[in-house]
Amino acid sequence: MKMTFRWYGESDKVTLDMIRQIPCIHGVVTAVYDTPVGTVWAEESIKRLVTACHNKGLSCEVIESVPVHEDIKLGLATAKQYIENYKENLRRLAKFGIKCVCYNFMPVFDWLRSELSSPLEDGSHALAYNHETVLNMNPLTSGLSLPGWDESYTKEQLKELLNKYADISEERLFKNLENFLREVIPVAKEVGINMAIHPDDPPWGIFGLPRIVTGKASIKRILSAVDCTNNGITFCAGSLGAGRDNDLSEIIRIAKGRIHFAHLRNIKLINEKDFTETAHPSACGSLNMAEIVKELKQSGFNGYIRPDHGRMIWGETGKFGYGLFDRALGATYILGLWEGC
Ligand code: DNO
């Protein structure tokens, strides 16, 4: 297992100098952020990123994310070129030592929360999801912004894009994902990159948009669409754990050998759909973190782990979910669990 930490590049307040002081950190998980979704990344930008990490003694083997262009998810004729660009990105990333690429297939929006700074009892702040609030939210006017979202659209473009999804059923979206995998996985295999699809967060449709990577059945279908080690998943405990029917240990067993990356964090389930993010330890939320880590270790997992969203503690400010302190506590907690089982 290699412990990693997400880094948002040179502009991130959490610097490589800080990250390298977290005990036993192997490397960072990052991306090229200066290029629009769907275009080929400049080799120069990839090189700069990797070199910056190596100069601080950190590995740079995981990219999160190489985003999938909406035309691919929509299955439009223009998808062909975007898929070619995706393949070219994999070839370029492999040249610079990238071993794992995390991506998602969520239409338009990435992860979603209704509250970005919800106060917890101990005075810290965390992200939270309230279903009622989300049902009443208009994505065109909500003004919500989360790390990792593509915010390059004007309001008109966003409206147009949302309309394009009106005819896209879950089954259609799944077929488009399968087409994408059939094209991209052979290239990933050729260049030695493990692809790791991230589950939908939360694992149900939002704003009338379909979401399909939600639990055991969909993960099984994805893995068998192209039955090859390079076609794997990111096991995200918090995303899958929000699905009340998901048995996380069972999912780890089903995906054995195909989990290349793990995002570990805890959430406190409130009712059928609502939840609050919490500190990482099992006692702070609803997920059994020790069980998850044990199951991963027993399954022979030898990929990358990163602590996932942290609370804002000790007066820290910054990107929601991506401060230094609580994530660093998360990393050392996970390392302890790993060592102890
Ligand atoms: C949120 C992250 C996601 C994730 C993407 C992967 O905190 O887990 O934004 O990076 O869905 O493509």
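Please read all numbers here as calculations on a predicted model, not as lab measurements. Each ligand, and each atom within it, is numbered from 1 in the order the structure gives.
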**Request:** Indicate yes or no: does an N/O atom of Tyr322 lie under 3.5 Å from an N/O atom of ligand 1?
**Result:** yes
Ligand 1 atoms nearer than 4.0 angstrom to some heavy atom of Met106 are 11 (O)
I'd like to know if the side chain of Lys155 pairs up with that of Thr141 as donor and acceptor (distance under 3.5 Å, no hydrogens or angles considered). no
- Task: Kindly assign one of parallel, tilted or perpendicular to the pair His263 and His198, based on the angle between their ring planes and the thresholds 30° and 60°.
- Result: tilted
Can the ring centres of Phe180 and Tyr103 be said to be less than 6.0 Å apart?
yes
In ligand 1, the atoms that come under 4.0 Å of a heavy atom of Cys102 are 6 (C)
Of all heavy-atom pairs linking Leu324 and Glu316, the shortest is N-OE2, 2.6 Å
Honestly, for Arg6 the part within reach of ligand 1 (heavy atoms, under 4.0 Å) is side chain
One finds that the ligand 1 atoms under 4.0 Å from a non-hydrogen atom of His309 are 1 (C), 7 (O)
Asn230 and Ile185 have their tightest heavy-atom pair at O-CD1, 3.9 Å
- Within a radius of less than 6.0 Å around NZ of Lys216, do more than 12 heavy atoms belonging to other residues, nucleotides or ligands occur? no
Numbered in order shown, the ligand 1 atoms found under 4.0 Å of a heavy atom of Tyr103 are 12 (O)
Per-atom filter on ligand 1: closer than 4.0 angstrom to a heavy atom of Arg306 are 8 (O)
Tell me whether Arg327 forms a cation-pi arrangement with Tyr322, defined as NZ or CZ under 6.0 Å from the six-membered ring centre and within 45 degrees of its axis. no
- Query: Are any of the side-chain nitrogens in Asp12 or Lys319 under 4.0 Å away from the carboxylate oxygens of its partner?
  - Reply: no
| query | Does a side-chain N-to-carboxylate-O contact under 4.0 Å join Arg253 and Glu250? | reply | no
Logged contact type for Asp110 with ligand 1, heavy-atom cut-off 4.0 Å, is side chain
Here the atoms of ligand 1 under 4.0 Å from any heavy atom belonging to His263 are 8 (O)
Does the residue Gly148 have a heavy-atom contact with ligand 1, meaning some pair of atoms that are separated by less than 4.0 Å? no
If we number the atoms of ligand 1 from 1 as shown, the ones under 4.0 Å from a heavy atom of Glu64 are 2 (C), 4 (C), 8 (O), 10 (O)
So the atoms of ligand 1 within less than 4.0 Å of a heavy atom of Asn104 turn out to be 5 (C), 6 (C), 11 (O), 12 (O)
Notebook entry, point to check: Is it true that the NZ or CZ of Arg113 lies under 6.0 Å from the centre of Phe320's six-membered ring and within 45 degrees of the ring axis?
Noted result: no
Contact between Arg113 and ligand 1, counting heavy atoms under 4.0 Å?
no
Atom 6 (C) of ligand 1 has as its nearest protein heavy atom Ser65 OG, 3.1 Å
For atom 8 (O) of ligand 1, the closest protein heavy atom turns out to be His198 NE2, 3.2 Å
